Amino acid sequence: MQTKLFINGEFVDSIARGRIAVLNPYDNSQICEISEARAEDVDLAVEFASEAQRSWGRSDASGRGRLLLKLADAIEANAEELIQLESRDTGHPVRDARKLDVPRTAACFRYFGGMADKFEGFLPPVYPGYVNYVSREPVGVVGQIVPWNFPLMFTSWKMAPALAAGNAIVIKPAELTPLTTLRVAELMKEVGFPAGVVNVVPGYGHTAGARLAEHPDVKKIAFTGSTATGRRIVQASAGNLKKVQLELGGKGPNIVFADAVIPAAVGGSAWAIFHNQGQACIAGSRLVLHEKIADEFLQKFTALAKSIRLGNPLEEATEMGPLTSKQHQERVLHFAGVAKKEGGEILLGGKAPEREDLAKGCFVEPTIVRAKVDDTVNQEEVFGPFVTVTTFRDDDEALAIANNVKYGLGSGLWTTNLSRAHKMAREINAGMVWVNSYKVVHPGSPFGGVGESGYGREMGFEAMREYTYPKSVWVNVDAQVVPHYQR
Ligand code: NAD
């Protein structure tokens, strides 16, 4: 297991030799200690990245692509180890890590490996006598900051397009969950990425993260995390006016219409909120039910939620693991108290499970709360296995409830009426809308939000645009023609 910083192709101790303990949230036992990067380590990493980027940015795009493809193969070859590591570090059930996190990580590196030599500039038809071509240039050194909820997958979402486009990277994983990002760095070294092109600096947000966001030689900062930190990133970026991309919080509405296929809507809605213990920015955390089907739906949904198997995430049968930290568990439980205080009704859960085998871990029972649309739990992101329920009478009311938040990230609709589906998809304030499904992602489809969920997009061609800037080159085709002051 790698526990040191990865700078200029080597695993090295941090300058101040600080340490961060990494815990297993299943029982809060210590997995290891890692080196803690601080501002001076970030500075060093940026220096090496700046040097490496000069040749990486001018290198053969197909060569960059080939390295990403090799990395995807290496991820697959080491899948089982990555699954176990991610599960111990985050609490993700291994069954999810095996089915989703690791394959999606490999798929993302592979997609952008293929993209590297296919992302083209263009040639606008301009004035006669001129050729104008527009190339896509790498931004330079990119700072990337990721959260703890999907550390491995988000590492690939951030790294893959940036590298395909010819940028060098300094990435800061979350202090709670640095282990799989460090393992990916090791695999990158093995498959032959040049030294300095990727640097990993695990450390705290207010030190290492803040330095990366303000660093004058970092030309872009790509951040995934909370809206509050996103605001700080924007402020820190002002010094050199670096490009900023923000993937922030969400409060996804998940609307079930009276014409929905109820069993599919029940299963899909449970997945929307309970997968990864609800620690997902796109989680369908607000169930919005048509009053005609609300009772039937809730009865089936509650029964399903009760049947979810909580347990050790390393066991194959476990469907729900612990939250990723004690502090976060307390935060989620606190929201149950807030809901009650504001007149909400806890229909299920709202507490830690009373099971001896889970007592040391950061568990929260699947929680269902009936709450008014303006209640705190319907407005603030809880980021746990915690779903609110409200009801509506007609489509206008459903839409008003859906759009009654400051966020706009994921959203879901369950209906068999085609025109209703398209109309709602058009009107809903969200970066992503799932119809009769939820949480489907693909490296080819843009991912990101509107409003206080941030700006910029990951995945697909959009991500390549985010990690490049257009350079417009004007060529006067007849060098003899003097364009101005002709005498
Ligand atoms: P967070 O904002 O506390 O931390 C995210 C990262 O930012 C961590 O690496 C942290 O160390 C770093 N950080 C903290 N303070 C910083 C500072 N001042 N300067 C620079 N970096 C700093 O968020 P979190 O609690 O770790 O993650 C959960 C949040 O992430 C939720 O709000 C969730 O919705 C959001 N999220 C968004 C998306 C998306 O794609 N939109 C995806 C996943 C998670």
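First listed ligand is number 1; within each ligand, the first listed atom is number 1. Side chains are part of it too, since the values below use all heavy atoms of this structure and drop only hydrogens, waters and symmetry mates. Since we're looking at a predicted model, the values are computed, not measured. Counting from 1, the numbers follow the sequence of the chain as shown.
Centroid-to-centroid, the aromatic rings of Phe150 and His275 come within less than 6.0 Å.
Given atom 15 (N) of ligand 1, the protein heavy atom at minimum distance is Thr229 CG2, 3.3 Å. What sits closest to atom 24 (P) of ligand 1 on the protein, heavy atoms only, is Trp148 NE1, 3.4 Å. Closest to atom 9 (O) of ligand 1, if we only count protein heavy atoms, is Val146 O, 2.8 Å. Remark: minimum distance from atom 27 (O) of ligand 1 to any protein heavy atom is reached at Pro147 CB, 3.4 Å. Of all protein heavy atoms, the one closest to atom 28 (C) of ligand 1 is Phe383 CE2, 3.5 Å. Counting protein heavy atoms only, atom 23 (O) of ligand 1 is closest to Ser226 N, 3.4 Å. Taking atom 38 (C) of ligand 1 as the reference point, the nearest protein heavy-atom neighbour is Cys281 SG, 2.9 Å. In terms of protein heavy-atom proximity, atom 20 (C) of ligand 1 is nearest to Gly209 C, 3.2 Å.
At a heavy-atom distance under 4.0 Å, no atom of Gln279 approaches ligand 1. Residue-level proximity to ligand 1 for Asn149 is carried by the side chain, the only part with a heavy atom below 4.0 angstrom. Residue Ile145 touches ligand 1 through its side chain alone, judged by heavy-atom distances below 4.0 Å.
Between Leu248 and ligand 1, at least one pair of N/O atoms sits closer than 3.5 Å. Backbone and side-chain nitrogen or oxygen atoms of Ala280 are examined, and none is located within less than 3.5 angstrom of a nitrogen or oxygen of ligand 1. Note: an N/O pair closer than 3.5 Å links Lys172 and ligand 1 by distance alone. Residue Tyr204 has no nitrogen or oxygen atom sitting less than 3.5 Å from a nitrogen or oxygen atom of ligand 1, judged on distance alone.
A donor-acceptor distance shorter than 3.5 angstrom exists from the side chain of Asn167 to the backbone of Tyr467, with no hydrogens or angles considered.
In summary, Lys372 and Glu345 do not engage in a salt bridge, as defined by a charged side-chain N under 4.0 Å from a carboxylate O. Salt bridge annotation for Asp13-Arg19: present, with a cationic side-chain nitrogen under 4.0 angstrom from a carboxylate oxygen. A salt bridge links Arg110 to Glu76: at least one charged side-chain nitrogen sits closer than 4.0 Å to a carboxylate oxygen. Electrostatic pairing of Glu80 and Arg98 counts as a salt bridge here, judged by a charged N lying under 4.0 Å from a carboxylate O.
Of the N and O atoms on the side chains of Asp27 and Asn312, not one donor lies less than 3.5 Å from an acceptor on the other residue. No side-chain donor-acceptor contact under 3.5 Å links Asn24 and Ser29.
Of the listed options Trp157, Phe150, Phe154, Phe154 places a heavy atom closest to atom 43 (C) of ligand 1. Of the listed options Glu381, Glu458, Arg211, Glu381 places a heavy atom closest to atom 34 (O) of ligand 1.
The only member of Ile255, Asn254, Val373 that meets side chain to side chain contact (heavy atoms under 4.5 Å, CB included) when paired with Val288 is Ile255. Among Phe112, Phe447, Tyr111, Phe109, the one residue that satisfies the ring-ring contact (aromatic ring centres under 6.0 Å, His included) test with Trp157 is Phe447.
Listed by number with element, the atoms of ligand 1 under 4.0 Å from a non-hydrogen atom of Glu175 are 10 (C), 11 (O). Within ligand 1, counting atoms from 1 as listed, the ones closer than 4.0 Å to a heavy atom of Thr224 are 5 (C), 36 (N), 37 (C), 38 (C), 39 (C), 40 (O), 42 (C), 43 (C), 44 (C). Of all the atoms in ligand 1, the ones that sit under 4.0 Å from a non-hydrogen atom of Ala174 are 9 (O). Listed by number with element, the atoms of ligand 1 under 4.0 angstrom from any heavy atom of Phe447 are 40 (O).
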| message | Run the salt bridge (charged side-chain N to carboxylate O under 4.0 Å, His left out) test on Glu186 and Lys189 for me, step by step, so that the C-alpha distance in whole Å, both residues' side-chain angles and the decisive distance to 0.1 Å come before the verdict. | response | CA-CA 5 Å; Glu186 196 173 32; Lys189 186 176 159 95; over 6 Å; no
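Using a 4.5 Å heavy-atom threshold, the side chains of Val22 and Leu179 count as touching. By the 4.5 Å heavy-atom criterion applied to side chains, Val382 and Ser285 are not counted as neighbours.
Distance check for atom 4 (O) of ligand 1: every protein heavy atom is found at 4.0 Å or beyond.
Phe335 and Phe386 have perpendicular rings, their planes meeting at more than 60° on a 0 to 90° scale where under 30° would count as parallel.
The shell of residues lying under 4.0 angstrom from ligand 1, judged by heavy atoms, includes Ala210.
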